[in-house]
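So the structure is just underneath, and the comments pick up after that.
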2 protein chains.
Amino acid sequence: MTAPRPVTINDVAARAGVAPSTVSRALSEPGRGNPATRERIRAIARELNYVPNSQAQALSSGRTGTIALLVSDVTNPFYFGIIRGTQQMSKAAGLAEVLIDTEDSPDLEGDMLRKMRRSLDGAILASSRLSERALIRLAGEIPLVTINRNVRGLPSVVIDSPDGIAQAVEHLVSLGHRDIVYVSGPETSWSNQARWHAMRKAAAKHGLEFRRVGPFARGRSSGTAAADAVLNSGATACVVFNDLLAIGLLTRLAERGVAVPGRLSVVGCDDIFGADFCHPPLTTLSGPAEQAGRAAVSLLLGRLGDPRAPAARRAVLLPTHLTVRESTGPA
Amino acid sequence: MTAPRPVTINDVAARAGVAPSTVSRALSEPGRGNPATRERIRAIARELNYVPNSQAQALSSGRTGTIALLVSDVTNPFYFGIIRGTQQMSKAAGLAEVLIDTEDSPDLEGDMLRKMRRSLDGAILASSRLSERALIRLAGEIPLVTINRNVRGLPSVVIDSPDGIAQAVEHLVSLGHRDIVYVSGPETSWSNQARWHAMRKAAAKHGLEFRRVGPFARGRSSGTAAADAVLNSGATACVVFNDLLAIGLLTRLAERGVAVPGRLSVVGCDDIFGADFCHPPLTTLSGPAEQAGRAAVSLLLGRLGDPRAPAARRAVLLPTHLTVRESTGPA
DNA sequence: CTGAAAGCGCTAACAA
DNA sequence: TTGTTAGCGCTTTCAG
């Protein structure tokens, strides 16, 4: 029952009658070395069930083969698609991926990043809460890519909700709504800013007054206050910062016996898990989250000088579209 | 703009005028060494912003400081609580945690585990799809803890749904239901087996006939077939393998214009995100998922011989309870 | 193309 | 208690 010593590169080398360095090359330098010996070595490695020790590889090569994905809250379904996408892509690139929950705290986010920078080749920040300053400084220590956050000089992927917001306003206007209010998320949220700007622009285009209520916290529980505020505003329709908040709002509306969409139309953002089966099913902005995840890893690979990466674009903008369900109707 | 060489243990040692090994001890062996020098060294390390290179630590100590959590599908909200719990606990224990998606494939699960075993101190398998044989063999190569899966000899945490199932049946019986059907998940699922057994037992206790329909796949999309099968069975109530399936079923029922709970009462399992805001809100079995995650890490720490771990229990059984919402009513 | 040798940063015997 | 000395398993010069 003694654990047998794991097989090392030396075992393979001995068995093949070559030097360890030759094995190293045969295994991890595609084009080089004699093809015949390389195949022989690979066969032996497979036969011996050799698995390279990644710590040792990292220590001597400087590349850890690991990236991190930082999210503000693992249990926020908004990240589902992004997580999927990054995992797909990093698996395809042979990278390990660590998922880190920053608990919505910029301090924790920074600490984690600093503490782990030595064991990571790079990191993807999905909805970073860090200040622009902090981000730029950290980017000097470890390759960074952001998602839904645009910082000068940092490669980023943004799901372009402004585009979708315009569609949403169009949709509401065509249903006869003239009084549309934006339900704001946290002031510090980059996405919230972007969405509010888009809202204003779209409203102006249609000659509507632009108003907002809030700011409200991201969570479902803020929906209560949000619903009351919207009702109070007298608007006939609202566009909500995100689906979590929108679903909370719907719940409160049901409690108060307010008909949706009869008395109030509601549009969410993100099309998260649940948006299609809440009551009523939510009209919302859908975006290619998985694709965003994949794109982020691609950009990171680019930053790492990986040849497998596509041409390094600095910023990727992904389109959103409106998914109409049952929470919107005639004014 | 050249990256400054990261500070190593030698830099700290030089600055403190001691040997590297002394620094190593001062930093990672709590009780030993002269407290005065230890504090001095720690101060210098902090001042120099020294971060130990975990690869090097791993290489020379054999401990990687990393564990993995394997789930069949990251985007299944059932894992929310578990992920939270394990992350909390591993962070508290100073361990890094990798989240791995096995895509519901036993082969992939095994491969990942084998491939990563050298870079992990241990792994937690949430709903493993591996055979008992495979699990036992793998456990010989890397410390393993299972969640919701009981395998002889492996430490495990199980959320005891049988207990909750009994409550559910009790609830339905007291509402006057005499014809209750179990909507089965995949035959190979350990939880499904456990729930079906519990169902039979509870039904027998009340002198009811026990029937089931299915098996159905885990996903929401299987809800359509499941709903039709339940309706066909003529039962007035059903207990569904999991909430995902139950929500799918609810959707189909609404499509077919079947009143819930008027014509059919529905009970789910797991109380996932969404169970409270679907339509109608789902009566379901709630369990302490976060606690399960924490317990799993504790057990693993025990297996690793970590002194911080509580007394090593081999199996942890966590209770569930019925959360009554609006999908159940009088027969 | 391949081998020899040095060393990545750290920990763990062993000596002092 | 502290310093000295070997490696951990791999990659990477540099020779051959």
Side-chain angles (χ1 to χ4, degrees), chain A residues 3-42 44-45 48-66 94 96 115-121, chain B residues 3-42 44-45 48-66 94 115-121 305:
Chain A
R5 195 178 53 66
V7 12
T8 75
I9 203 171
N10 298 297
D11 301 327
V12 179
R15 189 83 133 75
V18 298
S21 51
T22 307
V23 176
S24 173
R25 280 179 218 118
L27 262 27
S28 49
E29 291 184 44
R32 293 179 47 190
N34 183 324
T37 55
R38 180 175 57 221
E39 278 322 310
R40 198 164 54 81
I41 291 174
R42 294 201 161 172
I44 292 177
L48 258 40
N49 192 20
Y50 166 70
V51 181
N53 179 323
S54 53
Q55 335 287 139
Q57 283 182 315
L59 188 55
S60 85
S61 72
R63 280 168 271 111
T64 64
T66 303
K115 208 176 310 169
M116 303 200 61
R117 67 171 189 273
R118 306 277 296 270
S119 25
L120 295 175
D121 285 348
Chain B
R5 195 177 53 67
V7 12
T8 75
I9 202 172
N10 298 296
D11 301 327
V12 179
R15 189 84 133 73
V18 297
S21 53
T22 307
V23 176
S24 173
R25 280 180 219 118
L27 261 27
S28 48
E29 289 183 49
R32 293 179 46 189
N34 184 323
T37 54
R38 180 175 58 220
E39 279 322 309
R40 197 165 55 80
I41 290 173
R42 293 201 162 172
I44 292 177
L48 258 41
N49 191 21
Y50 167 69
V51 180
N53 179 325
S54 53
Q55 335 288 139
Q57 284 182 313
L59 190 54
S60 88
S61 71
R63 281 167 271 110
T64 64
T66 303
K115 210 177 308 173
M116 302 199 63
R117 68 172 189 273
R118 305 277 296 271
S119 24
L120 296 175
D121 285 347

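Note that these values count all heavy atoms, side chains included, but never hydrogens, waters or copies made by symmetry. Computed from a predicted structure; not experimentally measured. The chains referred to below are lettered A, B, ... by the order of the sequence lines, with proteins before strands, and numbering in each begins at 1.
- Within 6.0 Å of the CZ atom in B:Arg42, the count of heavy atoms belonging to other residues, nucleotides or ligands exceeds 12.
- Listed for the A:Arg118 side chain is a donor-acceptor partner under 3.5 Å among the backbone atoms of B:Val51.
- Regarding A:Leu27, its CG atom lies at a distance of 16 Å from the P atom of D:dG9, rounded to whole Å.
- Atoms CD and CZ, on B:Glu29 and B:Arg38 in that order, are 10.5 Å from each other to the nearest 0.5 Å.
- Between the CD atom of B:Glu39 and the CD1 atom of B:Ile44 there is a distance of 11.5 Å, given to the nearest 0.5 Å.
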The contact string for nucleotides 8-16 of chain C, one letter per nucleotide 5' to 3', using protein heavy atoms under 4.0 Å with B, S and - for base, sugar-phosphate only and none, comes out as BBBSBB---
Run B:Ile41 and B:Val12 through side-chain contact (heavy atoms from CB on, under 4.5 Å) and show every step you take. CA-CA 7 Å; B:Ile41 290 173; B:Val12 179; 4.3 Å; yes
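- The distance from the CD atom of A:Gln57 to the OG atom of A:Ser24 is 8.0 Å, given to the nearest 0.5 Å.
- A:Val18 is listed as a side-chain neighbour of A:Val23, based on a closest heavy-atom distance under 4.5 Å.
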In sequence, state the C-alpha distance, the side-chain angles, and the governing distance for A:Ser119 and A:Thr66, and then conclude on side-chain contact (heavy atoms from CB on, under 4.5 Å). CA-CA 7 Å; A:Ser119 25; A:Thr66 303; over 6 Å; no
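- Terminal axes of the helix from C:dC1-D:dG16 to C:dA16-D:dT1 (five pairs each, C1' rotation axis) are separated by 30°, to the nearest 10°.
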